[in-house]
**Q** 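One structure, pasted below without further comment.
We name chains A, B, ... by the order of the sequence lines, and we start the count at 1 in each one. Computed from heavy atoms alone, side chains included, the values below leave out hydrogens, waters and symmetry copies.
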Amino acid sequence: MPELPEVETVKRGLAPAMEGARFDKVELNRPNLRFPFPPNFAARLKNCTINSVARRAKYLILHLDSDDVLVMHLGMSGSFYVENKNSPPAKSDARTRITAHDHVIFHLSGANGEHLVTYNDPRRFGFMDLIAAENLSSHKFFAKLGIEPTGNSLDGKCLARLLANRKAPLKAALLDQKLIAGLGNIYVCEALWQAGLAPTRISHTISTSGAKARANAIALADAVRDVIARAIAAGGSSLNDHRQTDGTPGYFQHEFNVYNRENEPCRKSHCSGHIKRIVQSGRSTYYCDSCQK
DNA sequence: CCGCGGGCCTGAGAGC
DNA sequence: TGCTCTCAGGCCCGCG
């Protein structure tokens, strides 16, 4: 599922139930997800209090009152579901019928009440790990991550610097977490369309030298930040697996301009092109070859 | 160092 | 109905 906007949506959904709360019990329904759980996983969490819920790139990070940090990744199909133990869900609740692949259940109690937080992940590409707090920033998950596309720090100049000397097509460069952290297949396609740039274009042609290349860099940086911000505001995109923590889907898929729109008309004003699908580095790319240059 | 392809898993949907 | 095939939002590893 999840790219940055989906993980950010999940983070915001988890925070009210988790921040300040204590793990009363951790149930594991299998020994591993993508990787085995770390040794004594449940015991090391039990009775710990969660100081804060954070996100870096597509990782969820729970800072605890112990020496451990709980790091969680949703992989392709992971989702969390939050229930208040003392107020059962309404009959119309979006999730009640789904129970297969509930691999981890956190039992929590805190100032906002008692909650069950359930992790579900059909494909099990997600994982959970405990990392020593003092080693967090140097850990291999985080040491090489690039800039966050939220806020204002990713501007044209910064982006041009990241793309300098790169021969890979823009699509591959934007997917590289070491350059920009958190973009995935959907939002890269959407940002390139919004910026009017072809996904096949060689990265270093976006640069700080020359007025046109500079304008391209600014347009692309603006498009990346705008797409991510709008997707977060919409609660992310739900194709198959992504759910907000109350079981409802995200809504940004209704705002897709290219993703999953093969053969449909381009939505850029005055463009009469149609959306193409090609494969780059083994992944689908959707774009308009009429207005993306 | 850089860029690419394969593999990890299950499920949904298309085509026969 | 049911089989087989393809594809899916991520990431790591190893190769050239």
**Q** Just by protein heavy atoms under 4.0 Å, how would nucleotides 3-13 of chain B read 5' to 3' in B, S and -?
**A** S---BBBBS--
**Q** Pick the closest DNA chain C nucleotide for A/Lys140 and for A/Leu239 by heavy atoms, then say which residue is nearer the 5' end.
**A** A/Leu239
**Q** With P as the reference atom in both, quote the distance from B/dG5 to C/dC7 in angstrom, rounded to an integer.
**A** 15 Å
**Q** Which pairs would a plain distance check flag for residues 12-28 of chain A, meaning a side-chain donor or acceptor within less than 3.5 Å of a matching protein atom at least two apart in sequence or in another chain?
**A**
unit_1	atom_1	unit_2	atom_2	d
A/Arg12	NE	A/Glu8	OE2	2.7
A/Arg12	NH2	A/Glu8	OE2	3.2
A/Glu19	OE2	A/Val53	N	2.9
A/Arg22	NE	A/Asp24	OD1	3.4
A/Arg22	NH2	A/Asp24	OD1	3.0
A/Asp24	OD1	A/Ser109	OG	3.2
A/Asp24	OD2	A/Ser109	OG	2.9
A/Glu27	OE2	A/His107	NE2	2.5

**Q** Below 4.0 angstrom, N of the basic side chain to O of the carboxylate: do A/Arg56 and A/Glu148 qualify?
**A** yes
**Q** I'd like to know if the side chain of A/Gln253 reaches the main chain of A/Ser238, judged simply by a donor and an acceptor atom lying under 3.5 Å from each other, with no hydrogens or angles considered.
**A** yes
**Q** For A/Glu262 and A/Asn260, indicate whether the former's side chain and the latter's backbone hold a donor-acceptor pair under 3.5 Å.
**A** no
**Q** Whether the side chain of A/Thr248 engages the backbone of A/Gln244 through a donor-acceptor N/O pair (distance < 3.5 Å, no angle test) should be reported.
**A** no
**Q** Could you work out the separation of B/dG6 and C/dT6 based on their P atoms and round it to a whole Å?
**A** 14 Å
**Q** Quick check on ring-ring contact (aromatic ring centres under 6.0 Å, His included): which of A/Phe37, A/Phe141, A/Tyr119, A/Phe41 does A/Phe127 satisfy it with?
**A** A/Phe141
**Q** Rounded to whole angstrom units, what separation is found between the CZ atom of A/Arg243 and the P atom of C/dG9?
**A** 17 Å
**Q** Quick one: label A/Tyr59 by what it contacts on the DNA or RNA (base, sugar-phosphate, nothing), any heavy atom closer than 4.0 Å.
**A** sugar-phosphate
**Q** Do the charged groups of A/Asp176 and A/Lys178 touch, with an N to O distance under 4.0 Å?
**A** yes
**Q** Which is true for A/Ser237 with a 4.0 Å heavy-atom rule: it touches a base, it touches only sugar-phosphate, or it touches nothing?
**A** base
**Q** For A/Lys167, does its backbone N or O pair with a side-chain atom of A/Ser203 as donor and acceptor, under 3.5 Å?
**A** no
**Q** Indicate whether the side chain of A/Ser284 and that of A/Arg277 have a donor and an acceptor atom separated by less than 3.5 Å.
**A** yes
**Q** Could you tell me how far apart A/Gln177 (CD) and C/dC12 (P) are, to the nearest whole angstrom?
**A** 9 Å
**Q** Between C1' on B/dC2 and NZ on A/Lys178, what's the gap in Å once rounded to a whole number?
**A** 9 Å
**Q** Stem list for DNA chain B, please, built from Watson-Crick and G-U wobble pairs under 3.5 Å and keeping only runs of at least 3.
**A** B:2-8 with C:10-16, B:10-16 with C:2-8
**Q** How long is the line joining CG of A/Leu74 and P of C/dC11, in whole Å?
**A** 10 Å
**Q** Looking for any heavy atom pair under 4.0 Å, which part of the strands does A/Tyr187 touch: base, sugar-phosphate only, or nothing?
**A** nothing
